[in-house]
Amino acid sequence: MKIRTKIVLLFSIISTLLLVVFALYVSYFTYDSLQTKFFHRLEENAVIVGDHIVNQKEENKELYIQVKRKYLKQLSEGTDHLLRVVKGSDSIRFKPNLPMPMGFYKEVIKNGKGRYMHNETAFVAVFFKDRLHHDNLIVVSEGVDDYGHDEQRQLDRTLITGGFLAILLIILMSFYFADRLLKPIKDINSDLGKVDIANLDYRLSSKFSNAKDELGVLIANLNSMLSRLDISVQSQQSFIGNASHSLKTPLTIIGGEAELARNLIPKEHEAYYSLETIAKYADKMELIINNLLQLSRMGFKGEVDNKVLIRIDELLYEIYKAERSIHKDFRLSFDLTQIPEDSDELTVFANPDLFYIAFSNIISNAYKYGNGEQVQVAISCDDLNITIKVFDKGIGIPQKDQPHIFTSFYRASNVGDIYGNGLGLVLAKNIFDLHGAELNLYSAEGQGTQVVVTLPKIAF
């Protein structure tokens, strides 16, 4: 999940929760306030009714009529219940058809009044000591607060509608602010995309930050890292130039001296073949060094030079002949049953010297670790790719070593005394990666190894 999406979700969720909590708070306390007010009105009504009955005063009667007229609509034509209580007792004479339990009336007698809510109907009971009659009096005023319920429903609708609109506005604002917050990071990423090994002198900047804020510190650290990388790359490039000169010069001398000595002795001399081999492999070694140095330079540029159209089957056959000339017991079989009739479909666009090194390393490894068994090479292709599979039936690679096979100088734990330096597969993979190809390896210890190379075809 992108950071922008996380910011939008987090901001929206937190804001929505705050709105919901606020809406619940307002709705609950409004409900509580309306209910309290309605209970007060019922209580006033019960007091007036009870006072009128207990005292039998004319002015109370007039007041009672005025209040009933005033509160009649708000009390939804509520009912007043008159309950008689034996003096000196805490129980009523007759239980009315009301939802309150008997304990409620005892509490009213004890405390002087009480409240009870049943569904939407409110009850308020007030106790009166009646001096004019044999029994005391409890007046129970009953009513439904339709006016308050309407206000509550209207408020809830307003809160819900306003909440949805507010949430929509919050989401839109969160997208806006997320974009504003991440704009400096986008600029940094855009600038970093312009940096490659060829222009490490490029430095980042941002108009949205200054040297003292967090982004300014990040930019300063990235620029410092680029400076260190620039120095390191320049040092490596200088080393490669010096190494190229230092390695090529003695090889040229060795090859020249071997060629000179070979020309001074007859072909029948037993040393002639040795001198020819020295000259040949001095040239070969010089070619390998040149290509390795070229590969190192390509690592700096991230691209491959000197690409040409080459036939994969012909390249593999050249490698076979070279290996055969070195190792007389080398055996290799080609499986060409899946190649197309049009040989041009086996053509790729690549650096031939680098591909020679890569496939030579793979086939050489198959021979070296193959227990002397025949190496098999299968070539196939489809509409997009050419696939080369190299099989051997040798010692294989232990499972624990397979995650490290593309690590420089790493060798499997079961190679024993077999010569190697742990660079062959690494070099091959780097070459194929630079060409947009793919190298995969499948192996089981004691059963052999299969290397699969997938090359993109050239469309004609």
Side-chain angles (χ1 to χ4, degrees), residues 1-48 67-81 98-101 103-104 107-108 111-126 139-186 208-209 213-215:
M1 183 182 294
K2 293 185 177 180
I3 295 178
R4 177 175 178 266
T5 306
K6 289 181 180 179
I7 292 175
V8 171
L9 283 177
L10 186 61
F11 185 73
S12 300
I13 290 172
I14 292 175
S15 300
T16 300
L17 289 176
L18 290 175
L19 282 174
V20 170
V21 171
F22 175 75
L24 291 174
Y25 174 85
V26 171
S27 179
Y28 173 78
F29 282 99
T30 301
Y31 171 80
D32 185 68
S33 177
L34 290 172
Q35 188 180 72
T36 301
K37 290 179 180 178
F38 188 66
F39 274 129
H40 281 309
R41 289 197 294 272
L42 286 176
E43 185 177 342
E44 289 174 356
N45 178 76
V47 169
I48 293 172
V67 171
K68 288 291 286 183
R69 287 176 181 173
K70 178 179 179 181
Y71 287 103
L72 181 61
K73 184 175 181 180
Q74 292 187 354
L75 297 178
S76 294
E77 299 182 359
T79 305
D80 296 325
H81 304 274
L98 296 174
M100 289 83 77
F104 171 77
E107 290 295 324
V108 171
N111 299 323
K113 58 184 177 180
R115 296 176 179 179
Y116 190 82
M117 197 74 190
H118 180 70
N119 296 330
E120 292 187 353
T121 304
F123 299 89
V124 174
V126 180
V139 178
V140 179
S141 290
E142 170 191 350
V144 177
D145 188 11
D146 290 334
Y147 174 78
H149 291 157
D150 288 340
E151 279 195 343
Q152 184 68 42
R153 283 190 288 269
Q154 185 176 357
L155 174 65
D156 290 343
R157 283 195 296 269
T158 302
L159 289 172
I160 292 173
T161 305
F164 278 118
L165 293 176
I167 291 172
L168 179 61
L169 180 61
I170 287 170
I171 293 175
L172 294 176
M173 290 176 61
S174 63
F175 275 103
Y176 172 75
F177 283 111
D179 288 336
R180 288 296 300 268
L181 287 171
L182 296 176
K183 185 64 169 63
I185 298 178
K186 290 181 179 178
F208 297 97
S209 62
D213 63 17
E214 289 82 357
L215 287 174

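FYI, side chains are in, hydrogens and waters are out, and symmetry mates aren't considered; it's all heavy atoms of this structure. What you see is a predicted model, and the numbers here were worked out from it, not measured in a lab. In what follows, residues are counted from 1 in the order of the sequence shown.
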Requested in this report: With the side chain counted from C-beta on, respond yes when H40 and V124 share a heavy-atom pair under 4.5 Å apart, and no when they do not.
Outcome: no
Query - From CZ (F175) to OG (S12), nearest 0.5 Å - result: 7.0 Å
Query raised in the report: According to the interplanar angle, ranging from 0 to 90°, do the rings of Y116 and H118 count as parallel (below 30°), tilted (30 to 60°) or perpendicular (above 60°)?
Result: parallel
Query raised in the report: Under a 4.5 Å cut-off applied to non-hydrogen side-chain atoms, are I170 and T16 in contact?
Result: no
Report summary line: The reported gap from CG in L10 to OG1 in T5 (rounded to nearest 0.5 angstrom) is 12.0 Å
Report task. Take Y147 and D145 through the side chain to side chain contact (heavy atoms under 4.5 Å, CB included) test and state the conclusion after the steps. Result -> CA-CA 5 Å; Y147 174 78; D145 188 11; 4.0 Å; yes
Query raised in the report: So which heavy atom on L34 is nearest to which on Q152, and how close?
Result: CD1-OE1, 3.9 Å
Query raised in the report: Side chain of S27, backbone of A23: donor and acceptor closer than 3.5 Å?
Result: no
**Report entry** Closest heavy-atom pair and its distance - S174, F11
**Finding:** CB-CD2, 3.3 Å
Query raised in the report: Between V108 and M100, is a side chain to side chain contact (heavy atoms under 4.5 Å, CB included) present by the stated rule, with each step listed?
Result: CA-CA 11 Å; V108 171; M100 289 83 77; over 6 Å; no
Report summary line: Closest non-hydrogen contact found for V140 with A125 is CG2-CB, 3.9 Å
Query raised in the report: How long is the gap from CZ on F104 to CZ on R115, to the nearest 0.5 Å?
Result: 10.5 Å
Report summary line: In this structure, CG of L24 is separated from CZ of F22 (nearest 0.5 Å) by 11.0 Å
Query raised in the report: So do L18 and I14 actually touch side chain to side chain, heavy atoms under 4.5 Å?
Result: yes
Report task. Decide side chain to side chain contact (heavy atoms under 4.5 Å, CB included) for H149 and V144; before the verdict, give the C-alpha distance in whole Å, the side-chain angles of both, and the deciding distance to 0.1 Å. Result -> CA-CA 9 Å; H149 291 157; V144 177; 4.1 Å; yes
Report summary line: Heavy-atom nearest pair, G143 first then L42, reads N-CD2, 4.1 Å
Query raised in the report: Got T36 and F38 here, is their nearest side-chain heavy-atom distance under 4.5 Å?
Result: no
Query - Enclosure of K186 NZ (heavy-atom neighbours >12, cutoff 6.0 Å) - result: yes
Query - Heavy-atom closest contact (A178 atom, V8 atom, distance) - result: CB-CG2, 4.0 Å
Query raised in the report: Any salt bridge between D156 and R153, counting N to O under 4.0 Å?
Result: no
Query raised in the report: Going from CZ on R41 to CG on N45, what distance comes out if it is rounded to the nearest 0.5 angstrom?
Result: 11.0 Å
